Amino acid sequence: MNNSLIKIAQPLLSIQGQLASWSAVTSQIHTSAALCRVVSGKYRITKKRDRPLTYEMANPPHYIAHRKTWNSWNTSNLKDGLRRSETAVEDEFIRRFMTGTWHGLMCSEVIIKRQFNHIRVAAIVRRAVSPTKMYFLLGYTEELLANWLQCPVTLELQTVDSFQDVVFKYI
Amino acid sequence: MSVFIKHYRPCGLVSGFNNKIWRYNSTTADVATSKNEEDEEFRVLDILKKRDRQQRRVARRADVQPDRADRMAVDQNWGNVWPGPKSFHPSSVPLPLRQGYVPRGQAPPGKKANAELMKIPNFLHLTPPVIKAQCEALKPFCTEWPKLLNSEEAIEKHYPVEIISSDYCHASPSIRNPLARIVTLRIKLSTLNLDKHAKDKFIRLVGDRYDRETDLVTITADRCPVKKQNLDYVNYLLTACYHESWNVEEWEKDKTEDDMEYYDWDKNASKKSLVNWYLRTKNENRELTDEEYVAFDISEIPNGEEYKNAVSNYLNDGESEVTVKNYAKSVRKLLGLPEAKVVT
């Protein structure tokens, strides 16, 4: 696909001879090798077989919709969905904000479900901080995210004693 | 367990005693000796590491409440426990759920700390009793269905105009969807009050929006940004087309037989010759005007109606085996000729 793009772009260039626009085009073309299919979302087996994996990590991406489900639920993913890029960027922002705010506490992926303008963020956290702190973080996260995204945000957390509770297997 | 320890005291030089002290040391006595003789510090070889093996007791946290699901009454109102859409929470659902793929012979992961159960949308807030209660609550706001509109035909008769538009539900901060603006109006042409000329003109005006097979006129509007505007626009289009089709322009009177879009037997030479032939068979020699030819009642000619239909079909539907055979049959009947013999 990248090659075809270049082929399309070249005759245009020769006619117009705009080198400046050409550099702008090249910077947008992504030419790195596609490793994602082989490597991404998969974990290597350790020598001692002591790497803990959650259920989510234990199933590689091609098992989505077979053994595990998506982490983002919204209508933008559907055919002819609206706000595709905005939703993706917002979801990534929510994920990063959650992992940073609940630092070292998150035991699972952040699950983001959207219904109308309501964003529901679900996750499993460790009970490593006091309930008072947890309540503070809850309100803080909801309030800030609601302010940034201009939508009501609800946090639906489940707590576990330690990370050991979410470990599915060791490899 | 006992152990022999050889202990050499360097301070012996000072005290004057220059002899080595041999001590029998046992682990049981170790605690007492270390307590009493604090100055006598020496390392103990703890081979089995008994001291470290002593497990640290995991303190049960007092602030973690037991599961809510364990204390639920069997006859509770579930609608109060789970009033709205929510992600799955194991402590509030008293069901022994399991979810996840595991190799054969193993049990799937339980409901606690199971992210898969939290991901999938649940309908725990829409149990049948809850839906029933909500329907009951909505009932006072509903009106009764009109009794006379009891069939599709009745609805079609009283409400011939059909408006089709879509609403979209989607997850987004905005409730607007550009596709919601499209409005379609559908009406059966036969329900409109049109005469022959007006109907012909109406069909020409709407063009391919008219479906001959279903007799439906479909007008779609999507040029305005809002649904209300498009709705007004389709209504305007229908009204404009209707009134325009009733207008008879001056130039429409110039339409000759060559301009006709279909074969009208009554106005054609075929009727003239048929009428002439019929009058001659009755020995009436009359000269008829064009209007009289058109107005001539065909039903008084035996088999004339059938001949008319055969000729009209032949010329309107095109030449085919059926129309040609029909034509032949009607001509034979009209002229009183015997039926065609089928040679087998």
Side-chain angles (χ1 to χ4, degrees), chain A residues 54-56 58-59 63 66-78 80-83 86-87 90 107-127 130-132 149-152 154-169, chain B residues 58-69 82-93 97-104 106-126 166-182:
Chain A
T54 62
Y55 185 83
E56 168 85 23
N59 290 302
Y63 279 126
H66 296 264
R67 293 185 185 177
K68 66 176 186 180
T69 347
W70 297 269
N71 284 324
S72 289
W73 287 76
N74 50 54
T75 57
S76 307
N77 290 339
L78 304 176
D80 299 333
L82 299 173
R83 296 181 84 252
E86 288 93 336
T87 306
E90 278 173 19
C107 290
S108 73
E109 305 292 318
V110 180
I111 302 153
I112 300 165
K113 290 185 241 178
R114 286 159 182 264
Q115 282 180 329
F116 308 118
N117 66 339
H118 187 194
I119 302 175
R120 294 193 284 130
V121 181
I124 300 175
V125 296
R126 271 187 321 133
R127 284 192 284 257
S130 68
T132 327
L149 305 174
Q150 291 296 306
C151 298
T154 314
L155 241 62
E156 290 164 340
L157 298 177
Q158 193 188 137
T159 55
V160 290
D161 264 333
S162 69
F163 185 73
Q164 297 297 318
D165 294 351
V166 295
V167 171
F168 179 64
K169 67 174 180 186
Chain B
V58 181
R60 268 258 154 257
R61 293 181 56 162
D63 53 351
V64 178
Q65 294 279 317
D67 272 0
R68 191 180 163 197
W82 205 279
K86 202 175 107 180
S87 285
F88 180 83
H89 200 279
S91 323
S92 4
V93 181
L97 296 173
R98 288 180 171 274
Q99 163 95 27
Y101 176 85
V102 283
R104 205 174 243 283
Q106 289 181 27
K111 62 175 178 174
K112 289 212 168 166
N114 195 336
E116 289 306 305
L117 277 174
M118 296 170 77
K119 280 184 204 172
I120 49 167
N122 62 57
F123 287 94
L124 291 168
H125 60 290
L126 288 179
S166 316
D167 293 315
Y168 291 86
C169 279
H170 53 261
S172 141
S174 160
I175 57 168
R176 313 271 169 234
N177 190 323
L179 290 175
R181 75 185 192 283
I182 300 166

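In this text the structure is predicted, and so the values were computed from the model without any measurement. Sequence lines set the chain letters: A, B, ... in the order given, protein chains first and strands last, and positions in each chain run from 1.
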**Prompt:** Heavy-atom distance under 4.5 Å between the side chains of A:F168 and B:V102, does that happen here?
**Reply:** yes
**Item:** chain B contact via A:F116 - which portion, at a heavy-atom distance below 4.5 Å
**Value:** both
**Asked** Does the side chain of A:Y63 reach to within under 4.5 Å of the side chain of B:Y101, using non-hydrogen atoms?
**Response** no
**Prompt:** Among A:L82, A:V166, A:V160, which residue forms the greatest number of heavy-atom pairs with chain B at distances under 4.5 Å?
**Reply:** A:L82
**Message:** If I take atom CD from residue A:Q158 and atom OG from residue B:S91, how far apart are they, to the nearest 0.5 angstrom?
**Reply:** 6.5 Å
**Item:** Interface moiety of B:P109 toward chain A, non-hydrogen atoms closer than 4.5 Å
**Value:** side chain
**Proximal component of A:A123, with respect to chain B [non-hydrogen, under 4.5 Å]** = backbone
**Message:** Would you say CZ of B:R98 has more than 12 non-hydrogen atoms from neighbouring residues, nucleotides or ligands within 6.0 angstrom?
**Reply:** yes
**Prompt:** Between A:S76 and chain B, which part of the residue has a heavy atom less than 4.5 Å away: side chain, backbone, both or neither?
**Reply:** side chain
**Complete:** Contacts of B:N114 meeting side-chain hydrogen bond (donor to acceptor under 3.5 Å, both in side chains) (sequence neighbours excluded), chain-then-number -> none
**Message:** Taking the side chain as everything from C-beta on, heavy atoms only, tell me whether B:K119 gets closer than 4.5 Å to A:W70.
**Reply:** no
**Message:** Please determine whether side chain to side chain contact (heavy atoms under 4.5 Å, CB included) holds for the pair A:D165 and B:K112, giving the CA-CA distance in whole Å, both sets of side-chain angles, and the decisive distance to 0.1 Å.
**Reply:** CA-CA 8 Å; A:D165 294 351; B:K112 289 212 168 166; over 6 Å; no
**Prompt:** With a 4.5 angstrom heavy-atom cut-off, which part of A:I112 approaches chain B: side chain, backbone, both or neither?
**Reply:** neither
**Request:** Please report the shortest heavy-atom distance between B:M118 and A:I111, naming the atom on each side.
**Result:** CB-CD1, 4.0 Å
**Message:** Heavy-atom pairs under 4.5 Å with chain B: which of A:T54, A:N71, A:N59, A:D80 has the most?
**Reply:** A:N71
**Request:** Can you see which heavy atom on B:H170 is nearest to which on A:T75, and at what distance?
**Result:** CB-OG1, 3.2 Å
**Request:** Please look at B:I175 and chain A and tell me whether the side chain, the backbone, both or neither of the residue comes under 4.5 angstrom of a heavy atom of that chain.
**Result:** neither
**Prompt:** Can you find a pair of side-chain heavy atoms, one from B:S172 and one from A:R83, that are under 4.5 Å apart?
**Reply:** yes
**Prompt:** Looking only at heavy atoms, what is the nearest atom pair of A:E156 and B:P85, with distance?
**Reply:** OE2-O, 4.4 Å
**Request:** Just jot down the side-chain hydrogen bond (donor to acceptor under 3.5 Å, both in side chains) partners of A:Q164, sequence neighbours excluded, or say none.
**Result:** A:Y170
**Item:** CG-NE2 distance between A:L157 and B:H89, expressed to the nearest 0.5 angstrom
**Value:** 8.0 Å
**Complete:** So, the part of B:P178 with a heavy atom under 4.5 Å from chain A: the answer is side chain
**Message:** With side chain to side chain contact (heavy atoms under 4.5 Å, CB included) as the criterion, how do B:E116 and A:E56 come out once you've worked through the C-alpha distance, each side chain's angles and the decisive distance to 0.1 Å?
**Reply:** CA-CA 8 Å; B:E116 289 306 305; A:E56 168 85 23; 4.0 Å; yes
**Prompt:** Among A:R120, A:Q115, A:R114, A:E90, which residue forms the greatest number of heavy-atom pairs with chain B at distances under 4.5 Å?
**Reply:** A:R120
**Heavy-atom proximity to chain B below 4.5 Å, by part of A:K68** = both
